[in-house]
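The next block holds one structure in the form of structure tokens; read it before the comments.
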Amino acid sequence: MLLRQHPILTGAGSSPTAKALAACLLGATLAGCEPAPEQPTRPQIVARAASLQPADPLLAERYARSCALCHARDGSGAPLTGDAAAWAARRAAAGDATAQPLVAVRQGLGAMPPMGLCPDCSDEQLAALTRFMADPGPRP
Amino acid sequence: MKRLRRSPLRRRLLQAAAGAAWAGVAGAARAAPSSPSPSPSPSPSLSPSHSAPPAVAAGRQLPPAAAPEPAPSAARAWRNWSGLQACQPARWLVPADEGELARALPSLPAPLRCVGAGHSFSPLVPTTGTLISLDRLHGVGAVDPQRRSVRVGAGTRLAVLAQALHQQGWALENQPDVDLQTLAGALATATHGTGATLPALHDAVLELRLCTPDGRILRCSRSDEPALFDAARVSLGVLGVVTELTLRVRPRHLLQRRVWLERSETLIDRVAALASTHLHFECYLLPFTGYGAAIVHDPVDAAIDHPPSADEDVLRDLRLLRDWLGRWPRLRRWVAQRLIDPAQREQAVDWSPKLLSTVRPTRFNESEIHLPAAAAARSLRQTLALLERRNEVFFPIEFRFVRADDAWLSPFHARDSASIAVHAAHDEPHDYLWQDLAPLWAPLQGRPHWGKLHGLRAAELAPLYPRWRDFARLRAALDPQGRMLTPALRALLTGADDA
């Protein structure tokens, strides 16, 4: 961050405490403020993304030289491999046209160019890669 | 807010520089450009990357890939990272190896252009002919510890290269700000990092192989076809297609990053001194704030400690100030100076690739000029003043140093340089970046970054490059039909306006 914390810029009530309180109050009206299931920490999500790769050797090769450069790298802005919540949020925000990951990859999305840096991937391979990144399987 | 507890500006904030989007490179012969000595034999040992790459990514060795399958050639649209450049080629070619490339090139529809990560903002890639991706020509060989060198497939992305070298205990001598580019694309546009004693990436090339438009495979180095070597290291991809390179490397090393805020005026006064006392120095001037961020990286022997980047938060804050107070620049500066905490510091320790390169979520368009190092500080001050006449400006102005080299079309040819890079959000006007600043930079013999936005053509470029005519002769000898030239590149390099 560059600027000092200031209510004009940060918005009053946006502190973690205020946010937590607001979330609890909102949650209380909906679900009785029960404790949420344990969520992985950011370092855990990042470490897991860096450790995952498709089981299929050909897909693994394509993944390593294209998808992983952003989807296994914290700070890239891309949803990380295995971060189910991030992928769900993207899907929810995308709307109908790009709700299908294959469409998004083929057309490009945000900083991701068309074909997602994998110009030799077939549609089937792109679909398989996006499925893998969004849902690589259960945690160990 | 959690993000407000993060330290301020990290360097990578912007730039992304571009390096290059596409690949491409090739060569010609020295004394007799029309008859370069061919080396048709296939490249001996890096071949795993061509058929079953020793793919390395994310810190682990991957199992061998299955046998390559036929690559699709369906005509898919292309656009660059910022969205400014786009094209619909008639064909794509993603060759599995050098042989396939050599067989295909003579008969493919022209113009032939190579594409890498799409990180060039200038129109180097768009073609209505054939777009060539070198993504399957990737792979990193075993480092030769005696020669301190490594063979690399031209389509290998810098991030993958850095990781593969790290696993062997080695590293590049320097890294650019962004590392998604293919190696060939980064070299073809003279992509660089920062460091007054450190040259741009292409200076680390010891040898390269390239495929001419008529399908000949050439090999060159400082001792073997040196003219071709000097032309092909920075070629804008107009001599042919580079397929493989041998690079000079160094043992991997830890760096310590230190970042601090300083009043712009005093920081500009100190840039030369800071560049001479730190291995990597760069700074970002923050428009309409009165402050700049200084960033240094130096070798260190310490434990890794790498807090998350705050770059995106910084950029968001600067945009916020612009959006809210842009109409009132004095008020904007007054508010900024009361909200900025100059005591903020950032520090990190990590391996060199982890600190010097990154990926940039926020897209932008960019211009960058390379000036004689001794004259650059004054120009930096003028650049800041000129940009602050435009209330819409909020991106930091980036300032870096690059050592001289001897590649013919290198913007650093025979000249220690400092680079000023200016940016605009990808969805905002950007023409002013070059139009407003070019008159300021031209008297200093400024050479534009090949992959970034500029308005110079052959007549203006030729006097800036002592070997311009030599390059032109080699290019004509290697590609007499101009099959590697799009109308934009023809205008850039020959002055012919058929666009």
Side-chain angles (χ1 to χ4, degrees), chain A residues 1-11 13-19 42-43 46-47 49-78 81 106-108 110-115 117-123 125, chain B residues 1-9 53 55-60 62-66 69 71-72 76-81 92 94 115 117-118 131 133 135-136 138 156-157 159-160 180 286 289 308-314 317-318 320-321 336 338-341 344 358-363:
Chain A
M1 73 76 197
L2 168 67
L3 306 172
R4 300 174 194 269
Q5 187 168 6
H6 190 286
I8 292 176
L9 287 167
T10 60
S14 62
S15 67
T17 304
K19 281 184 175 176
R42 187 65 187 170
V46 172
S51 70
L52 292 167
Q53 64 182 54
D56 177 79
L58 181 61
L59 281 182
E61 185 267 337
R62 304 266 161 104
Y63 174 78
R65 66 167 154 89
S66 53
C67 319
L69 299 181
C70 293
H71 290 282
R73 191 169 183 175
D74 196 21
S76 70
T81 299
R106 288 202 60 166
Q107 295 180 347
M112 179 175 66
M115 304 301 293
L117 294 181
C118 188
D120 52 329
C121 279
S122 67
D123 285 354
Q125 289 165 338
Chain B
M1 288 174 70
K2 183 177 180 183
R3 72 182 180 88
L4 291 176
R5 290 200 294 270
R6 290 183 185 172
S7 58
L9 344 179
V56 178
R60 62 190 178 280
L62 298 177
E69 60 191 52
R76 291 165 167 155
W78 172 88
R79 69 164 166 79
N80 76 334
W81 174 76
W92 276 82
V94 192
V115 63
L131 208 45
S133 164
D135 273 292
R136 296 170 82 183
H138 77 111
T156 307
R157 296 188 186 277
V160 176
L180 290 183
L286 312 176
T289 69
S309 166
D311 290 358
E312 288 298 309
D313 297 332
V314 174
D317 287 344
L318 291 172
L320 202 60
L321 276 173
R338 276 145 191 83
L339 293 177
I340 287 177
D341 178 4
Q344 293 177 104
T358 188
V359 286
R360 297 264 171 231
T362 298
R363 290 188 292 158

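Naming: A, B, ... by sequence-line order, numbering from 1 per chain. Worth saying up front: this structure is predicted, and the values here are computed from it rather than measured.
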Check whether A/R42 gets within reach of chain B through its side chain, its backbone, both or neither, counting any heavy atom under 4.5 Å.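 Neither part.
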
Proximal component of A/M112, with respect to chain B [non-hydrogen, under 4.5 Å]: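 Interface part for A/M112: backbone (N, CA, C, O).
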
For B/R79, is it the side chain, the backbone, both, or neither that has a heavy atom closer than 4.5 Å to a heavy atom of chain A?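 B/R79 touches chain A through backbone and side-chain heavy atoms alike.
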
Write down the atom of [X], the atom of [Y], and the distance for their closest heavy-atom approach.
{"X": "A/P119", "Y": "B/S133", "value": "CG-OG, 3.1 Å"}
{"X": "B/P361", "Y": "A/A111", "value": "O-CB, 4.3 Å"}
{"X": "A/S122", "Y": "B/R76", "value": "CA-NH2, 4.5 Å"}
{"X": "A/P114", "Y": "B/A77", "value": "CB-O, 4.0 Å"}
{"X": "A/L69", "Y": "B/R157", "value": "CD1-CD, 3.0 Å"}

Take A/L117 and B/D135 through the side-chain contact (heavy atoms from CB on, under 4.5 Å) test and state the conclusion after the steps. CA-CA 8 Å; A/L117 294 181; B/D135 273 292; 5.7 Å; no

In terms of heavy-atom pairs under 4.5 Å, which option from A/A78, A/G110, A/C118, A/S66 contacts chain B the most?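 Sorted descending by pairs with chain B, the first entry is A/G110.
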
Which of A/C70, A/G77, A/S76 touches chain B most, by non-hydrogen pairs under 4.5 Å: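 Top option by heavy-atom pairs under 4.5 Å: A/S76.
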
